[in-house]
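Data block below; observations after.
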Amino acid sequence: MILPVALLVGALCVALAAWAAWFVAADRAVVLRQLWGGAVVEAVLVVQGVIAAAVLATKDHDVDAALFWGYVVVQLIVLPIAAAWAFAERTRWSSVVLLVAALTTGFLEYRLWQIWGVS
């Protein structure tokens with residue numbers, strides 16, 4: 001994993017979580033622009049997954065593959081599930097769902113960095 005990409009994912013997750021928290025405080029539902037923000041995070045996660053696959057295929061890393069790829073897969077499905085839920089739920093709780101998903105994705109990114117760094 002490349003540190004700048006990991007930091008970018010973390011920063012995007014924090015920004016999305018802050019935006020969702022603002023909407024929670026204002027008692028507002030998620031808007032389409034926030035879902036597009038989640039899509040940007042998801043695109044960076046896909047790029048990161050491709051980079052990780054390429055690095056793991058070309059270099060010898062002592063990483064538990066099941067653990068690492070489990071985190072990658074979960075990280076890739078959290079935001080789309082939250083986006084679908086937020087789109088269906090048109091109350092303040094949609095913002096709560098997006099907030100929790102953004103924080104979860106950021107935490108999973110931190111754990112991926114730890115798993116990668118241990119090797």
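Given the structure is predicted, the values throughout are model-derived calculations rather than measurements.
Put simply, V100 and V41 are part of two different groups of oily side chains (I, L, V, M, F, W, Y) that touch within less than 4.5 Å, one to the next. L16 and L8 fall within a single hydrophobic cluster, where Ile, Leu, Val, Met, Phe, Trp and Tyr are joined by side-chain heavy atoms under 4.5 Å apart, directly or via other members.
The minimum heavy-atom distance between G38 and L79, with the atom names listed, is O-CD1, 3.9 Å. Closest non-hydrogen pair, L103 versus A17, comes out as CD2-CB, 3.7 Å. The two residues S95 and R28 make their nearest non-hydrogen contact at OG-O, 2.7 Å.
Between T105 and E42, the closest side-chain pair of non-hydrogen atoms is not below 4.5 Å. The shortest distance between side-chain heavy atoms of F87 and V97 does not fall below 4.5 Å. Residues V47 and V5 form no side-chain contact, since every pair of their non-hydrogen atoms from C-beta on lies 4.5 Å or further apart. Between C13 and V9 there is a side-chain heavy-atom pair separated by less than 4.5 Å. Using a 4.5 Å heavy-atom cutoff, the side chains of L98 and F23 are not in contact.
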Report task. Evaluate the criterion side-chain contact (heavy atoms from CB on, under 4.5 Å) for residue pair W116 and L56; output intermediate values, then yes/no. Result -> CA-CA 10 Å; W116 188 268; L56 284 175; 3.7 Å; yes
Query - Test log, rule side-chain contact (heavy atoms from CB on, under 4.5 Å), inputs E109 and L45 - result: CA-CA 9 Å; E109 182 66 25; L45 290 174; 4.0 Å; yes
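Remark: the backbone N or O of V30 is paired with a side-chain donor or acceptor of R90 at under 3.5 angstrom. Side-chain atoms of S94 never come within 3.5 Å of backbone atoms of A29 as a donor-acceptor pair (strictly under, hydrogens ignored).
How far OH of Y110 is from CD1 of I115: 11.5 Å, rounded to the nearest 0.5 Å. One finds the CG atom of D64 at 12.5 Å from the CH2 atom of W69 (value rounded to the nearest 0.5 Å).
For L108, the side chain to side chain contact (heavy atoms under 4.5 Å, CB included) criterion is met by Y71, V74, Q75, V78, T104, not counting sequence neighbours.
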